[in-house]
Amino acid sequence: MKLLLINGPNLQLLGTREPGIYGSVTLADIENEVSALGSTLDCSVVARQSNCEGELVTWIGNARQENFDGIIINAGAYTHTSVAIRDAISGVSLPAVEVHLSNVASREEFRHHSYLAPVCAGVIAGFGKDSYLLALRALVSRINAQKQ
Ligand code: CA2
């Protein structure tokens, strides 16, 4: 199994600022932990980060041709604004899990709406880096269940 882990705008700053909201782990820490858990689940994880909406759209759109079986995505602030990323997820027809470090439901009103959630298999938010690890486990079980 091969999964694509996508992180969106400003997530490269993790561990350097706002530790009160996002914790002190770095993006590299998260990517390494997800990859290590993936290995124990027979699954390789390719991690990418971009601040550009179009690049995220392109990665999602090409995911099938690149032989990915599913997508874990923290689209950052684009979660709350991007019809283009929603359309890309919807169009690629691969299972995707939306992830957030923080509990977006307990934050500002503008973070309560996700354009992506309706086209994702599920959403995991509020558990810091564990959100990603939970998402990986959930996605692997979903893909394995669909194979049977
Ligand atoms: O909680 C999450 O994972 C978010 O996706 C993070 C986004 C935010 O816009 C979403 O509403 C919720 C922000 C990512 C910015 O990350 C930073 C990390 C450290 C310092 C500054 C920004």
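Just so you know, ligand 1 is whichever comes first in the structure, and atom 1 is the first atom listed for that ligand.
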Query raised in the report: What residues form a ring-ring contact (aromatic ring centres under 6.0 Å, His included) with F68, not counting sequence neighbours?
Result: none
Query raised in the report: What are the two closest heavy atoms between S131 and V99, and how far apart are they?
Result: CB-CG1, 3.7 Å
Query raised in the report: Would R48 and E66 pass as an ion pair if we require N to O under 4.0 Å?
Result: yes
Query raised in the report: For E108, which residues count as a salt bridge (Lys or Arg N to Asp or Glu O under 4.0 Å) partner, sequence neighbours excluded?
Result: R111
Query raised in the report: Short question: side chain of Q12, backbone of N10 - any donor-acceptor pair under 3.5 Å?
Result: yes
Give a table of atom pairs where an N or O of ligand 1 lies under 3.5 Å from a protein N or O.
| unit_1 | atom_1 | unit_2 | atom_2 | d |
| --- | --- | --- | --- | --- |
| ligand 1 | 1 (O) | L101 | N | 3.3 |
| ligand 1 | 1 (O) | S102 | N | 2.9 |
| ligand 1 | 1 (O) | S102 | OG | 2.5 |
| ligand 1 | 3 (O) | N74 | ND2 | 2.9 |
| ligand 1 | 3 (O) | L101 | N | 2.7 |
| ligand 1 | 5 (O) | N74 | OD1 | 2.8 |
| ligand 1 | 5 (O) | H100 | ND1 | 2.8 |
| ligand 1 | 9 (O) | A77 | N | 3.4 |
| ligand 1 | 9 (O) | R111 | NH1 | 2.9 |
| ligand 1 | 11 (O) | H80 | NE2 | 2.7 |
| ligand 1 | 11 (O) | R111 | NH1 | 2.9 |

**Report entry** Residue pairs fulfilling salt bridge (Lys or Arg N to Asp or Glu O under 4.0 Å) with at least one residue in residues 4-29, sequence neighbours excluded
**Finding:** none
